[in-house]
Amino acid sequence: MLVTVALVDDNEEYSARLTNAFVADYADRVEIVSFSSLESLDEHMRNNVVDVMLVSSELATETLTGKRGATLVYLVDDKSTELVYGQQAICRYQKVDLIYRGILDACAERFEHLTMRKTGIEGTNILAFMTASGGAGASTMA
């Protein structure tokens with residue numbers, strides 16, 4: 001699964017480092033596009049599809065929402081912050097692997113409306129175990 005991420009942060013040095021880290025380690029799983037303002041993101045989204053909008057908390061407003069089906073996630077400075085204006089938050093100062101997992105968590109929430117199919121045997125459900133990355137323990141769970 002290739003996730004398209006739009007990174008919006010006015011700190012160009014941080015944006016470049018995070019983008020380079022994703023290109024180096026997750027090029028086959030994440031396509032990241034970096035912007036310095038919300039206006040430039042809006043212009044990009046007129047013609048392109050984005051799965052996750054990763055926006056700096058300094059640009060947060062109560063009215064900012066995910067556009068055109070994109071999931072909005074805020075980049076925050078404090079690891080203890082979980083939500084910003086009701087939207088998921090990811091600490092910017094952690095390993096790229098943890099930021100990647102936060103992005104995958106945000107994508108997973110987009111599919112909460114799905115329900116499980118019954119097998120026809122009363123009381124038995126079919127469960128699918130899928131990993132977000134290697135070593136997540138899905139084989140052990142299954």
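All heavy atoms count here, side chains included; hydrogens, waters and symmetry mates do not. Everything numeric here is computed off the predicted structure, so don't read it as measured data.
Glu13 pairs by the salt bridge (charged side-chain N to carboxylate O under 4.0 Å, His left out) definition with Arg17, not counting sequence neighbours. For Asp10, the side-chain contact (heavy atoms from CB on, under 4.5 Å) criterion is met by no residue, not counting sequence neighbours. With sequence neighbours excluded, no residue satisfies side chain to side chain donor-acceptor pair (under 3.5 Å) with Thr4. Every residue two or more places apart in sequence or in another chain that forms a side-chain contact (heavy atoms from CB on, under 4.5 Å) with Asp77 is listed here: Glu58, Arg92, Tyr93. Annotation: side-chain contact (heavy atoms from CB on, under 4.5 Å) contacts of Glu43 (sequence neighbours excluded): Arg46. Every residue two or more places apart in sequence or in another chain was checked for a salt bridge (charged side-chain N to carboxylate O under 4.0 Å, His left out) with Glu82, and none qualifies. Here Ser57 pairs with Val76 under the side-chain contact (heavy atoms from CB on, under 4.5 Å) rule; sequence neighbours left out. Asp78 is linked by a side chain to side chain donor-acceptor pair (under 3.5 Å) to Ser80, counting only residues two or more places apart in sequence or in another chain. Partners of Tyr26 according to the ring pair (Phe, Tyr, Trp, His ring centres under 6.0 Å) rule, which considers only residues two or more places apart in sequence or in another chain, are Phe22, Tyr100.
Remark: Thr71 OG1 to Asp105 CG distance equals 11.5 Å, nearest 0.5 Å. From Lys79, atom NZ reaches atom CG of Leu98 across 6.0 Å, with rounding to the nearest 0.5 Å. For the atom pair CG (Asp25) and CG (Asn20), the distance works out to 10.5 Å, reported to the nearest 0.5 Å.
Note on Tyr85 and Leu72: same hydrophobic cluster, where clusters join Ile, Leu, Val, Met, Phe, Trp and Tyr whose side-chain heavy atoms are under 4.5 Å apart, directly or indirectly.
Pairing each heavy atom of Ser56 with each of Tyr74, the nearest pair is O-CD2, 4.1 Å. Nearest heavy atom pair, residue Leu2 against residue Ala27, reads CD1-O, 4.2 Å.
The only member of Leu75, Val33, Val52 that meets side chain to side chain contact (heavy atoms under 4.5 Å, CB included) when paired with Leu7 is Leu75.
One N or O on the side chain of Gln88 and one on the backbone of Gly102 form a donor-acceptor pair closer than 3.5 Å.
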